2 protein chains.
Amino acid sequence: MKLKDLAQHLGLSQTTVSRALNGYPEVNEETRRRVLDAARRHGYQPNANARRLATGRASAIGIVLPTDRNMLLDPHYMEFQAGLGETLLRDEIDIVLSPSRGGDETANYQRMAVGSRVDGVILSSPLIADERVRLLTELGLPFILHGRTESDIPHAWIDIDNEGAFRHATKHLLDLGHRRIGLINGESRFTFARDREIGFRSALAARGITPEEDFIAGGVMSDEVGYRIAERFLAERPRPTALLVSSMMMSLGAFRAIRAAGLELGRDVSMIAHDDVFPFLNPDVMVPTMSTTRSSIRAAGKRVGELLMEIVGGRAPETIHELWPVELVIRASTGPAPAD
Amino acid sequence: MKLKDLAQHLGLSQTTVSRALNGYPEVNEETRRRVLDAARRHGYQPNANARRLATGRASAIGIVLPTDRNMLLDPHYMEFQAGLGETLLRDEIDIVLSPSRGGDETANYQRMAVGSRVDGVILSSPLIADERVRLLTELGLPFILHGRTESDIPHAWIDIDNEGAFRHATKHLLDLGHRRIGLINGESRFTFARDREIGFRSALAARGITPEEDFIAGGVMSDEVGYRIAERFLAERPRPTALLVSSMMMSLGAFRAIRAAGLELGRDVSMIAHDDVFPFLNPDVMVPTMSTTRSSIRAAGKRVGELLMEIVGGRAPETIHELWPVELVIRASTGPAPAD
DNA sequence: GAACCTATTCAAAGCGCTTTCAAATCCTGT
DNA sequence: ACAGGATTTGAAAGCGCTTTGAATAGGTTC
């Protein structure tokens, strides 16, 4: 059933039917009712591609998934997508995935931009100086950054306060008497990891403590890497009495390393991990319960979707900068520093 | 730059240029070279939506993500998508995500089918009697099932041998002398979970052992649920000496429960977990290393993409049934049953 | 009653591509 | 030199929708 058929059936022109369906005002209310009614009865749905061609709008947003950077492999993306969906589906916006191999993301973005496959894209996990901002600006493809990057080019971003989160977490550990604190971070090329390290260092500096460089490390945010780094930290003498960890996945590994070293979490070693709020990894049911800096990545996904649609709708990207505060939730994995 | 411009620039008709670009044979080789050359120089890329409208092919496949079923929240989807991308990106096929809330997936599928938004869809995590097979058949939307379901309607599927995998794993534990084996399964409404239970039971039955119903449980495949079930099992007297677990995530929780009960994995309690091969959760680096039934979900995603494109291309779905064997990898988490 | 609004509808022209059908050109064999 | 076939190109008709510009009908105004 196409528009033409529906129009014929109603004895109206395509024009009027189209207008009635799309809510244009210059249509008699009675006519509109008839049209909407008939459309529902016949299960009419416009051909998405015809509409796209006619309007020039893709009604879709894109995400490039780097399938070889370990990035995508973790659950963060999934949660983020779920959040995105909450916004976009309501407005009949499609989410187009463009998995990219071999670090050749440029091609993916180009492809999306040129064929008018999508109206805009979402940039996740930005590097400290991320080329994609320039690339997309040149391509003229609207975008929003989830995270931040250094760039002269004005652009939209939304980020959590990674620096503040880790500053507060560090400060909390200091207040508990900890002096040797290990930082198990994400990969240092990502802005969020840099910001967390800055927050960590600044809290130490505020107390006149010089951080031990051996107690700062980062890597892919996996269970495995968490284990390895924690194992290394705990083998040092004197060893750290507290760990600050960039993800719950890593904290699982770190926890194992603590056990493996014959130590007890929350007593011998304290730990605070960053929690992106995965439904399948709940810090409240861990044993012991895990102290966290918490910010829902799903909520972020939802908001990112909203904002991108605003940009596509004409809002100036440079007016969009949101920095979300991060909550520090103290649970049982943190305790006073043990006596030396 | 559109086709018309390019044609004008070359002094050719749109027809010829279009044919040259799309590899039709009835075009002079020299002309084709000129066209391809000019297209590259001008960075010409056809408008995706115009092409879609003209050909009637969407060059896209769809995935409905149930955002409220806990399903999607786990990392399986992500790995699967990565695999999909390996196939589809090569052929310029888009992956369209359709997140669905409130269990109203029907609407999502309908939407994809009618607007010719996608050429076909992928069905993941089928229930034992999954309505979607009938729905999609009626909608006339090509699809492939990743997993199996009971249905009179002939359809394409690809699945791993869940039953065989768990039968072998159980048999291996029996060979090690274990008699009380706990099954920590996925949610029982899913076919894969049922099949695993069948495999488990049949291995026991083959030795004349009646399974203890209290040692069979299932739930969302999360760390948390793994912990809870294992904790419950281990509180029983006599307790199981081995656990068979449906996912690595659950096995993490189960492992914690074993430690919490003051037991040692691989000595007091053996464990075999199903490993979908996540790059961030490597059974080889766990302590102790984890015995697994292994089958890469990413490889499955890749194959599913290939097969779906074959179906879209005209291959009869009922000719597509692939059952993949599952490897049993014995590592340190399994050992002989302790004396009673 | 003529001129002028306003509200409502429609015919037709795109959107940028593919594809059918016809035409033009070039060979080949006789 | 010419019919007949193969090769190569092009004009034009869609694909199903939106949107412009024009037309019609029904008041209003002076």
Side-chain angles (χ1 to χ4, degrees), chain A residues 1-36 38-39 42-60 92 94 111-119 313, chain B residues 1-36 38-39 42-60 92-94 111-119 312-313:
Chain A
M1 161 78 56
K2 13 188 237 182
L3 186 60
K4 196 174 168 185
D5 302 333
L6 189 61
Q8 223 147 35
H9 180 82
L10 283 161
L12 289 169
S13 71
Q14 292 190 42
T15 312
T16 302
V17 176
S18 169
R19 280 179 176 145
L21 292 173
N22 291 309
Y24 281 72
E26 66 271 42
V27 134
N28 187 302
E29 271 315 312
E30 147 110 43
T31 310
R32 187 193 304 280
R33 216 171 312 116
R34 271 181 60 219
V35 171
L36 288 175
H42 292 77
Y44 169 76
Q45 277 204 269
N47 179 299
N49 297 318
R51 163 178 272 170
R52 284 173 182 158
L53 181 58
T55 59
R57 268 174 285 114
S59 301
E92 298 262 294
D94 284 341
R111 187 162 150 276
M112 296 200 145
V114 181
S116 93
R117 298 175 117 86
V118 300
D119 297 319
Chain B
M1 160 78 56
K2 14 189 236 181
L3 186 60
K4 196 173 168 187
D5 302 333
L6 189 62
Q8 222 146 37
H9 180 83
L10 283 161
L12 288 169
S13 71
Q14 293 190 43
T15 311
T16 304
V17 176
S18 170
R19 278 175 178 146
L21 291 173
N22 291 309
Y24 281 73
E26 65 270 43
V27 118
N28 187 300
E29 270 317 310
E30 147 109 43
T31 308
R32 187 193 304 278
R33 215 170 315 115
R34 271 181 59 220
V35 171
L36 288 174
H42 292 77
Y44 169 76
Q45 277 204 271
N47 179 299
N49 297 319
R51 164 178 272 171
R52 285 173 181 156
L53 181 58
T55 60
R57 271 174 285 113
S59 301
E92 298 261 292
I93 307 291
D94 284 341
R111 187 163 150 275
M112 295 200 145
V114 181
S116 92
R117 298 176 118 86
V118 300
D119 297 319
V312 170

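Note that this is a predicted model, so its numbers are computed, not measured. All chains are named by letter (A, B, ...) in the order of the sequence lines, taking the proteins before the strands, and each is independently numbered beginning at 1.
- Of the candidate nucleotides dT9(D), dT19(D), dC17(D), dT19(D) has the atom lying nearest to any side-chain atom of Tyr24(A).
- For the pair Asn47(A) CG and dT18(D) C1', the computed distance is 13 Å after rounding to whole Å.
- Between Thr31(A) and Leu3(B), the residue anchored nearer the 5' end of DNA chain C, judged by the nucleotide with its closest heavy atom, is Thr31(A).
- Contact annotation: Tyr44(A) side-chain N/O to dC17(D) OP1/OP2 distance is under 4.0 Å.
- Side-chain nitrogen and oxygen atoms of Lys2(B) include at least one within less than 4.0 Å of the OP1 or OP2 phosphate oxygen of dG16(C).
- At the heavy-atom level, Arg52(A) lies nowhere under 4.0 Å from the strands shown.
- Side-chain N/O atoms of Thr15(B) include none lying less than 4.0 angstrom from OP1 or OP2 on dA11(D).
- In this structure, CG of Leu10(B) is placed 17 Å from P of dT8(D), rounded to the nearest angstrom.
- In this structure, Leu12(B) and Pro46(A) both approach DNA chain D, and ranking their closest nucleotides by distance from the 5' end singles out Leu12(B).
- Summarising the local packing, CZ of Arg57(A) is surrounded by 12 or fewer heavy atoms from other residues, nucleotides or ligands at distances under 6.0 Å.
- Atom pair Leu53(B):CG and dG14(C):P shows a separation of 17 Å (rounding to whole Å applied).
- Across the protein-nucleic acid pair, Glu92(A) atom CD and dC17(D) atom P stand 14 Å apart, rounded to whole Å.
- If you measure from atom CZ of Arg19(A) to atom P of dA22(D), you get 14 Å, rounded to the nearest angstrom.
- Below the 3.5 angstrom threshold, one finds no donor paired with an acceptor across the side chain of Ser18(B) and the base of dT19(C).
- Here the shortest heavy-atom pairing between Ser18(B) and Leu3(B) reads CB-CD2, 4.1 Å.
- Residue Asn22(A) is in sugar-phosphate contact alone, with no base atom involved, counting any heavy-atom pair closer than 4.0 Å across all strands shown.
- We find that CZ of Arg32(B) is positioned 13 Å from C1' of dT7(D), with the value rounded to whole Å.
- Nearest heavy-atom pair across Asn49(B) and Asn49(A) is OD1-OD1, 4.0 Å.
- The residue Thr55(A) sits close only to the backbone: its heavy atoms come under 4.0 Å of sugar-phosphate atoms, none of a base.
- The side chain of Ser13(B) places an N or O atom within less than 4.0 Å of a non-bridging phosphate oxygen (OP1 or OP2) of dG10(D).
- Contact record, Leu21(B) with Tyr44(B): CD1-CE2, 3.6 Å, taken as the closest heavy-atom pair.
- Note: CD (Gln14(A)) to C1' (dG16(D)) measures 8 Å, nearest angstrom.
- At least one side-chain nitrogen or oxygen of Asn28(B) sits closer than 4.0 Å to the OP1 or OP2 atom of dT8(D).
- Computed from coordinates, the Asn49(A) CG to dC17(D) P distance equals 11 Å when rounded to whole Å.
- Minimum interatomic distance between Ser116(A) and Ala58(A) (heavy atoms only, all atoms of both residues): O-CB, 3.5 Å.
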